[in-house]
Amino acid sequence: MRKNILPRKFYSRNTLKVARELLGCFLIREYRGKIWRGMITETEAYHGEDDLASHASCGRTARTEIMYGESGCAYVYMIYGMYHCLNVVTEKKDFPAAVLIRSAKIFRRPTPKKTKISDVYLDGPGKLCKFLKIDRKLNKWDLTKGEKLWIERPAQNCAKRNIVAGRRIGVDYAQHCREYLWRFSINL
DNA sequence: AGATTGATCCAT
DNA sequence: TGGATCAATCTG
């Protein structure tokens, strides 16, 4: 049981590689006795202090400290006063980086079982967190523990097929970094 | 294109 | 302590 949890060494690598390989992985949320399970379909990489789109571009603060911390932990922040965004910390300790989980397809029934109830496609980090009851209480949560919130390996590796790369969303202020093709998605 | 909404950060 | 800023979403 739960032997497919992504280990810390998965996260403790190059952020772009992690962002690509998270596509097709299963995001799992356990909350008040219920378990939601879904496939990650869209991610964005935020990598290093040189990345002007990253919160870490201004260095260490109380808020960004988590991005410098142990990989495999959640970085959850509130944005625009209304929404939360879920990120997973990557790279070695003291290098600030994370992958934003933007979209996922949430299964409303166990995967193999055919059902008339449609799955939920959560396109957008705010909607994703709202549906999965993810807020700042999960900031700094260790995703390798396999409790409350974790990620499991995909049935098949999507990294080598069907990945679309594009500009990151909402980072027009980030000068030349806005051009980076650091957003990755797979078509369902 | 505008309104919403609150944590964060830094200059007072 | 005040105000500008913001990796979003919905409405029209």
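Keep in mind that what you see is a predicted model, and the values were worked out from it rather than measured. Chain identifiers are assigned alphabetically (A, B, ...) following the order of the sequence lines, protein sequences preceding nucleic acid strands; residue numbering begins at 1 within each chain.
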Task: Consecutive-pair stems (at least three Watson-Crick or G-U pairs, under 3.5 Å) that include DNA chain C - done: B:1-4 with C:8-11, B:6-11 with C:1-6
Open item on the list: Determine whether A:D119 and A:M39 satisfy the following criterion, side chain to side chain contact (heavy atoms under 4.5 Å, CB included), listing intermediate values before the conclusion.
Closed with: CA-CA 11 Å; A:D119 297 332; A:M39 182 185 291; over 6 Å; no
Task: Proximal nucleotide (of C:dA7, B:dA7, C:dA8) relative to the A:M78 side chain - done: B:dA7
- [ ] Give, for atom CG of A:L122 and atom SG of A:C129, the distance between the pair rounded to the nearest 0.5 Å.
- [x] 10.0 Å
Open item on the list: I want to know whether A:H55 and A:Y77 have ring centres closer than 6.0 Å.
Closed with: yes
Can you check whether [X] has a side-chain N or O nearer than 4.0 Å to OP1 or OP2 of [N]?
X: A:R183; N: C:dA7; answer: no
X: A:Y83; N: C:dC6; answer: no
X: A:R136; N: B:dT8; answer: yes

Task: Atom-to-atom span, OH of A:Y80 to P of B:dG2 - whole angstrom - done: 15 Å
Open item on the list: Please report the distance, rounded to the nearest Å, between CE in A:M82 and C1' in C:dT11.
Closed with: 12 Å
Task: A:R153 charged N/C atom sitting above A:F10 aromatic ring, 6.0 Å / 45° - done: no
Task: Passing option when A:Y68 is tested against A:R60, A:K93, A:E49, A:E91 for side chain to side chain donor-acceptor pair (under 3.5 Å) - done: A:E49
Task: Salt-bridge contact A:R168-A:E44 (side-chain N to carboxylate O under 4.0 Å) - done: no
At 4.0 Å (heavy atoms only), tell me whether [X] reaches a base, stays on the sugar-phosphate, or touches nothing.
X: A:G81; value: base
X: A:R63; value: sugar-phosphate
X: A:T61; value: sugar-phosphate

Task: Side-chain donor/acceptor of A:Y77 to base of B:dA7, under 3.5 Å - done: no
